Amino acid sequence: MTTWPTSYEFAQYYSILFCSQDEEAYVCIYSSRNSDTILFHHQGGVDIGDVDAKALKLEIPVGQTGVTEEQVTSKLLINVAPAKKAMVAKFVTALYNMYVNLYFTYLEINPLVVTNDTIYILDLAAKLDSTADFICRAQWGNIDYPPPFGRDAYPEEAYIADLDSKSGASLKLTILNKKGRIWTMVAGGGASVVYSDTICDLGGASELANYGEYSGAPSEQQTYEYAKTILSLMTQEKHPQGKVLITGGGIANFTNVAATFKGIVTALTEFQSKLIEHKISIFVRRAGPNYQEGLRIIREVGKTLGIPLFVFGPETHMTAIVGMALGKKEIPSETSADGATANFLLPGGQEQQKSKPVTPSSPVSTPTSPTGPGRSLGSAGPKPLFSAKTKAIVWGMQTRAVQSMLDFDFVCRRSEPSVAAMVYPFTGDHKLKFYWGHKEVLIPVYKKMEDAMSKNKDADVLVNFASLRSAYDSTIETLGFPQIRSIAIIAEGIPENMTRKLNLLAKEKGVSIIGPATVGGLKPGCFKIGNTGGMMDNILHSKLYRPGSVAYVSRSGGMSNELNNIISKATNGVYEGVAIGGDRYPGTTFMDHILRYQADPEVKMIVLLGEVGGVEEYEVCAALKDKRITKPLVAWCIGTCASMFTSEVQFGHAGSCANSDAETAVVKNKSLAQAGAHVPSSFDTLGDIIGSVYKDLVSRGDIVPQPELPPPTVPMDYSWARELGLIRKPASFMTSICDERGQELLYAGMPISDVLKQNMGIGGVLSLLWFQRQLPPYVCKFLEMSLMVTADHGPAVSGAHNTIVCARAGKDLVSSLVSGLLTIGDRFGGALNDAAIQFSAAYDAGLIPMEFVNEMRKKGKLIMGIGHRVKSINNPDMRVKIIKEFVLQNFPTTPLLNYALEVEKITTSKKPNLILNVDGVIAVAFVDLLRHSGSFTREEAQEYVEMGAINGLFVLGRSIGFIGHYMDQKRLKQGLYRHPWDDISYVLPEQYN
């Protein structure tokens with residue numbers, strides 16, 4: 001009998017159909033690396049017992065298309081009644097086809113009730129491959145993935161999941177214990193597991209409040225939302241001992257640490273009072289691109305928060321802050337943080353380097369066979385993946401990653417770049433400019449893969465930056481070219497069925513696949529994939545510009561950078577490192593790379609960083625026992641905390657999920673130690689174990705340390721140097737009206753959300769973007785009325801006429817609109833500004849209206865804003881009437897409008913159509929607005945008149961009408977316009993001279 005905790009709440013209840021036990025059966029389908037497995041037992045139900053031992057099994061290899069009823073019958077239905085076999089076989093076959101087509105990864109039915117004529121499914125448990133959503137959305141419908149078993153999802157978890165679904169970054173949150181005192185905010189999938197492990201190892205499992213991670217270069221706004229959610233949870237309940245927030249992370253490959261920390265700092269500042277009230281202490285450890293600025297920012301805010309805040313960089317072991325936070329380690333008063341970010345190369349340094357020989361601690365190993373690494377895996381032994389001559393083709397417009405590869409090549413003193421070409425199917429063939437030291441080089445970009453391959457026969461590596469939707473197809477295409485021996489697939493989230501097919505095809509063709517879901521790998525002094533190794537400061541800091549004696553293999557890309565750091569501190573450095581990827585079925589396994597390292601004489605010791613989930617580590621155990629691995633192996637599997645969690649947690653990597661005891665990190669670590677690997681007590685002491693093994697090798701003479709040469713230098717990109725604050729340069733442009741760089745678009749300093757919330761309308765937007773201030777509502781209304789009355793004046797005016805002619809000539813909207821706008825000038829539309837200048841000048845000079853009219857007559861000039869071809873004093877323009885009445889009622893004072901109306905009395909006494917027209921009334925009212933609204937100084941008002949701002953109203957308003965005329969002509973399907981002959985007066989000379 002099963003009892004349930006009384007605290008559980010059930011949202012749904014099921015009625016159970018009771019059947020004879022003789023009718024109950026069991027069926028299960030699950031996937032593994034090389035096959036799908038169908039288990040069937042003719043007796044099911046709660047008393048089935050050890051199904052693995054009892055059930056019959058049918059293996060369907062990856063690549064086999066489906067299964068037949070005959071196979072099911074002969075392999076699985078031996079004990080089923082003959083009368084039912086055909087029905088059950090048909091059901092199981094259809095069930096498996098559905099399993100494959102809908103991208104299930106696990107499906108179990110127990111019991112499956114089989115009567116004489118019907119099959120009933122009484123209980124079913126299944127797992128879908130959520131990464132296949134882009135393929136199966138139509139068949140799946142809307143899937144709501146359930147929270148961990150035994151509880152409902154917290155609103156905060158749902159909020160972060162929603163953020164994650166809308167972001168290219170990765171944001172994860174699982175709440176373990178809302179009352180806990182230890183909270184984490186960790187960057188990186190692998191690092192998040194390591195921090196949780198260390199907290200549990202140090203006795204903090206019962207107080208660990210959450211598991212989560214942010215990675216993949218989240219924006220400042222996304223990091224702020226994530227941090228705000230964590231802090232809101234932390235400050236809901238007080239803890240008698242106070243609380244600690246561990247803000248940790250490994251050494252980032254490409255995430256701008258300063259940018260993400262700005263979001264965290266904003267959240268900390270917002271929660272300052274609550275942080276003090278809840279006695280929260282914060283421990284920070286982070287490194288990667290621009291980490292110095294990030295740590296400086298958070299140190300500065302720490303001085304104002306009024307809470308204990310301790311900040312550390314890569315000089316401190318990644319998990320050391322956990323011991324400090326839990327009181328297990330002394331908190332150092334200060335650390336020796338690096339003061340520089342990278343070396344600089346002066347002009348001429350490039351030539352000086354050519355004469356400097358390099359003496360690495362051990363010589364670089366290069367393959368002796370032109371066949372290279374991948375295609376010859378079946379020959380005399382594993383071959384090196386990369387050499388100093390390796391050439392790669394990069395799929396995707398990843399210019400930053402390519403430049404990073406070229407900088408690595410240069411600092412390793414390669415003779416030529418490792419990137420031969422790029423493939424990008426969304427543009428035509430062209431060339432892109434990159435830096436090679438101080439020089440600029442061109443790298444070809446091809447639209448078609450076959451062109452890149454045919455023109456670069458020496459390229460044997462493809463670095464695939466395609467998205468999860470296209471990575472499968474582009475990799476399949478790549479496998480069709482025999483010259484490719486290694487493929488790195490960077491994308492995370494490729495459906496598992498697709499990955500298994502890729503792995504099968506790659507194995508058949510002898511190609512090594514690194515990934516999916518990886519940052520790649522590197523071989524110091526030779527080659528690196530994409531963003532592996534991070535920025536130049538980390539490459540130099542971890543001595544990745546020359547080979548050492550230690551080779552490692554890891555699942556996590558982020559943790560590979562941390563391994564580079566740990567190994568460089570404890571030994572003479574890295575010889576090669578590969579991150580095989582965090583998905584469940586990486587293209588190559590730990591053993592594939594460890595056997596390469598075992599066969600390479602330059603590798604003296606090996607480091608393995610495994611993790612919870614999967615069974616690949618047991619292959620390493622077997623190889624240690626049968627002496628296929630004889631070199632010292634230091635191993636640690638992260639995820640030891642999983643067994644201490646009270647609810648199910650999906651870690652940052654898709655493959656980090658234990659489906660049995662054997663897949664847990666604790667059991668793996670124990671097995672590795674029993675097999676002969678050097679296994680630390682926790683990740684916290686991994687560096688100590690590596691250092692100890694290295695010292696033994698040195699003492700035995702297996703490794704002879706060489707004198708360390710000064711690291712070579714490489715120029716820094718201008719954009720990154722400016723980001724780091726190392727240089728300054730006058731800006732080419734200045735703007736004071738709009739800023740799109742931050743969390744939200746700003747109009748003259750006002751967030752766009754406030755513009756919309758306050759219903760400022762078009763007039764309000766004009767007040768911000770044209771005049772850099774929020775003007776009174778009556779001013780905004782006047783601006784909007786001006787746009788409305790100037791929007792159109794029929795098709796006969798020159799601007800509308802030109803727009804119509806262009807539209808009928810087949811021109812596009814922009815061309816037609818510009819054709820109309822170009823007619824605006826003194827004779828059409830442009831009178832607004834001139835009217836404002838003439839009337840305001842006369843008024844300011846003290847001329848009475850009659851004097852102004854007489855002076856303009858003497859000068860032979862028209863008074864702008866006076867006169868209309870159709871309207872007159874007896875047939876007034878309603879547009880003028882409406883504007884005039886609004887201005888007189890709402891403006892605080894209208895001296896210039898009053899002046900213009902007096903002028904109108906004089907001009908209309910001479911001729912009734914010499915009225916104050918719409919241009920004139922808007923112009924003089926606008927000047928009254930500028931001078932008397934209280935929002936502008938007299939100097940500012942005059943400046944706006946002189947710069948032609950008033951004409952802007954006519955241009956903006958009339959654009960509305962011109963666009964309308966364009967759309968009208970297109971809608972009416974009007975053909976090419978040709979002016980009729982009878983409307984043209986042909987005046988030619990009487991005879992040709």
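Keep in mind the model is a prediction, meaning the values are calculated, not measured.
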>> Could you report the tightest heavy-atom contact between Phe465 and Gly530, atom names first, then the distance?
In response: CZ-CA, 4.0 Å
>> Within a 6.0 Å radius of atom NZ on Lys166, are there more than 12 heavy atoms belonging to other residues, nucleotides or ligands?
In response: no
> How far does OG1 of Thr255 sit from CG of Asn290, to the nearest 0.5 angstrom?
Replying inline: 12.0 Å
>> Before you tell me yes or no, could you show the steps for Glu943 and Glu939 under side-chain contact (heavy atoms from CB on, under 4.5 Å), namely the whole-Å CA-CA distance, both residues' side-chain angles and the distance that decides it to 0.1 Å?
In response: CA-CA 6 Å; Glu943 184 179 19; Glu939 291 75 17; over 6 Å; no
>> Between Gln398 and Val463, is there a side-chain heavy-atom distance shorter than 4.5 Å?
In response: no
>> With rounding to the nearest 0.5 angstrom, report the CG to CG distance, Leu929 to Leu783.
In response: 6.5 Å
>> Assess the residue pair Phe839 and Phe852 against the criterion (ring pair (Phe, Tyr, Trp, His ring centres under 6.0 Å)); give the C-alpha distance rounded to whole Å, side-chain angles, the decisive distance to 0.1 Å, and a yes or no.
In response: CA-CA 8 Å; Phe839 278 102; Phe852 170 52; 5.4 Å; yes
> Take atom OH in Tyr986; do more than 12 heavy atoms of anything else shown fall under 6.0 Å from it?
Replying inline: yes
> Would you call Glu220 and Lys262 a salt bridge, using N to O less than 4.0 angstrom?
Replying inline: no
>> Other residues, nucleotides and ligands only: do more than 12 of their heavy atoms fall within 6.0 Å of CD1 on Ile762?
In response: no
>> Between Val402 and Leu432, is there a side-chain heavy-atom distance shorter than 4.5 Å?
In response: no
>> Checking the side chain of Glu744 only, and the main-chain atoms of Ser753 only, is there a donor and an acceptor separated by less than 3.5 Å?
In response: yes
>> I'd like to know whether Val921 forms a side-chain contact (heavy atoms from CB on, under 4.5 Å) with Asp877, so could you lay out the CA-CA distance, the side-chain angles of the two residues, the decisive distance to 0.1 Å, and finally the verdict.
In response: CA-CA 11 Å; Val921 73; Asp877 189 339; over 6 Å; no
> What closest approach, in Å, do Arg879 and Val918 show between heavy atoms, and which atom pair accounts for it?
Replying inline: NH2-CG1, 3.7 Å
>> Counting only heavy atoms from other residues, nucleotides and ligands, does the tally under 6.0 Å from CZ of Arg773 exceed 12?
In response: yes
> Is the closest basic N to carboxylate O distance between Glu902 and Lys905 below 4.0 Å?
Replying inline: yes
> Is the number of heavy atoms from other residues, nucleotides or ligands within 6.0 Å of OH (Tyr778) greater than 12?
Replying inline: yes
>> Does either side chain, that of Asp407 or that of Gln403, offer a donor lying less than 3.5 Å from an acceptor on the other one?
In response: yes
>> Distance check, rounded to the nearest 0.5 Å: Thr893 atom OG1 versus Leu888 atom CG?
In response: 10.0 Å
> Under the side-chain contact (heavy atoms from CB on, under 4.5 Å) criterion, do Val880 and Ile915 qualify, and how do the steps go?
Replying inline: CA-CA 10 Å; Val880 175; Ile915 59 171; 5.6 Å; no
> Within a strict 4.5 Å, meaning less than it, do heavy atoms of the Met947 and Tyr944 side chains meet?
Replying inline: yes
>> Are the side chains of Ser736 and Gln772 in contact, using a 4.5 Å heavy-atom criterion?
In response: yes
> Judged by atom type as modelled, is there a donor-acceptor pair below 3.5 Å linking the side chain of Glu904 to the main-chain atoms of Leu916?
Replying inline: yes
> Do Leu745 and Cys738 come within less than 4.5 Å of each other through their side chains, counting heavy atoms only?
Replying inline: yes
> Counting distance only, does the side-chain N/O of Asp739 pair as donor-acceptor with the main-chain N or O of Tyr747 below 3.5 Å?
Replying inline: no
> CG of Leu787 to CZ of Arg958: how many Å apart, nearest 0.5 Å?
Replying inline: 11.5 Å
>> Please enumerate all residues that pass ring-ring contact (aromatic ring centres under 6.0 Å, His included) together with Tyr224, with sequence neighbours excluded.
In response: none
> For the atom pair CG (Leu822) and CG (Leu817), what is the distance rounded to the nearest 0.5 Å?
Replying inline: 9.5 Å
> Mind checking whether Cys780 and Met760 have side chains closer than 4.5 Å, heavy atoms only?
Replying inline: no
> So, Arg469 side chain and Phe134 main chain: donor-acceptor pair closer than 3.5 Å or not?
Replying inline: no
> Does Ser767 reach the main-chain N or O of Gln774 with its side chain, forming a donor-acceptor pair under 3.5 Å?
Replying inline: no
> Are Phe782 and Ile883 side-chain neighbours, meaning at least one heavy-atom pair lies under 4.5 Å?
Replying inline: yes
> Any idea which heavy atoms bring Phe434 and Thr399 closest together, and the distance?
Replying inline: CE2-O, 3.5 Å
> For Leu930 and Val945, what are the C-alpha separation, side-chain angles and deciding distance, and is it a side-chain contact (heavy atoms from CB on, under 4.5 Å)?
Replying inline: CA-CA 9 Å; Leu930 292 171; Val945 172; 4.0 Å; yes
> When you measure from the side chain of Arg931 to the backbone N and O of Pro895, does any donor-acceptor pair fall under 3.5 Å?
Replying inline: no
> Yes or no on side-chain hydrogen bond (donor to acceptor under 3.5 Å, both in side chains) for Gln222 and Tyr214, after CA distance, side-chain angles and deciding distance?
Replying inline: CA-CA 9 Å; Gln222 290 165 343; Tyr214 65 94; over 6 Å; no
> Judged by atom type as modelled, is there a donor-acceptor pair below 3.5 Å linking the side chain of Asn913 to the main-chain atoms of Ser872?
Replying inline: no
>> Are more than 12 heavy atoms, taken from residues, nucleotides or ligands other than Lys861, located less than 6.0 Å from that residue's NZ atom?
In response: no
>> Tell me whether Lys228 is salt-bridged to Glu225, with the criterion being a basic N under 4.0 Å from an acidic carboxylate O.
In response: yes
> Considering all heavy atoms of both residues, which atom of Ala800 and which atom of Gly794 are nearest to each other, and what is their separation?
Replying inline: CB-O, 3.4 Å
> Phe936 pairs by ring pair (Phe, Tyr, Trp, His ring centres under 6.0 Å) with which of Phe771, Phe926, Trp770?
Replying inline: Phe771
> When rounded to the nearest 0.5 angstrom, what distance separates CD1 in Ile837 from CD in Glu946?
Replying inline: 7.0 Å
> Would you find more than 12 non-hydrogen atoms of other residues, nucleotides or ligands less than 6.0 Å from Lys811 atom NZ?
Replying inline: no
> Gly920 and Ala835: which non-hydrogen atoms are nearest, and at how many Å?
Replying inline: CA-CB, 4.4 Å
>> Tell me whether Lys447 contacts the main-chain N or O of Pro425 through its side chain, where contact means a donor paired with an acceptor under 3.5 Å.
In response: yes
> Is a side-chain donor-acceptor pair under 3.5 Å present for Asn802 with Thr823?
Replying inline: no
> In terms of heavy-atom contacts, does OH of Tyr446 have more than 12 from other residues, nucleotides or ligands at under 6.0 Å?
Replying inline: yes
> Do Thr907 side-chain atoms and Leu914 backbone N/O form a donor-acceptor pair below 3.5 Å?
Replying inline: yes
>> Strictly distance-based, threshold 3.5 Å: is any side-chain N or O of Ser167 a donor or acceptor partner for the main-chain N or O of Asp164?
In response: no
>> Does the Lys NZ or Arg CZ of Arg808 fall within the cation-pi geometry relative to Tyr977 - under 6.0 Å from the ring centre and within 45° of the axis?
In response: no
>> So which atom in Leu976 and which in Ala809 form the shortest heavy-atom distance, rounded to 0.1 Å?
In response: CD1-CA, 3.7 Å
>> If you define the side chain from C-beta out and look only at heavy atoms, does anything of His979 sit under 4.5 Å from Val805?
In response: no
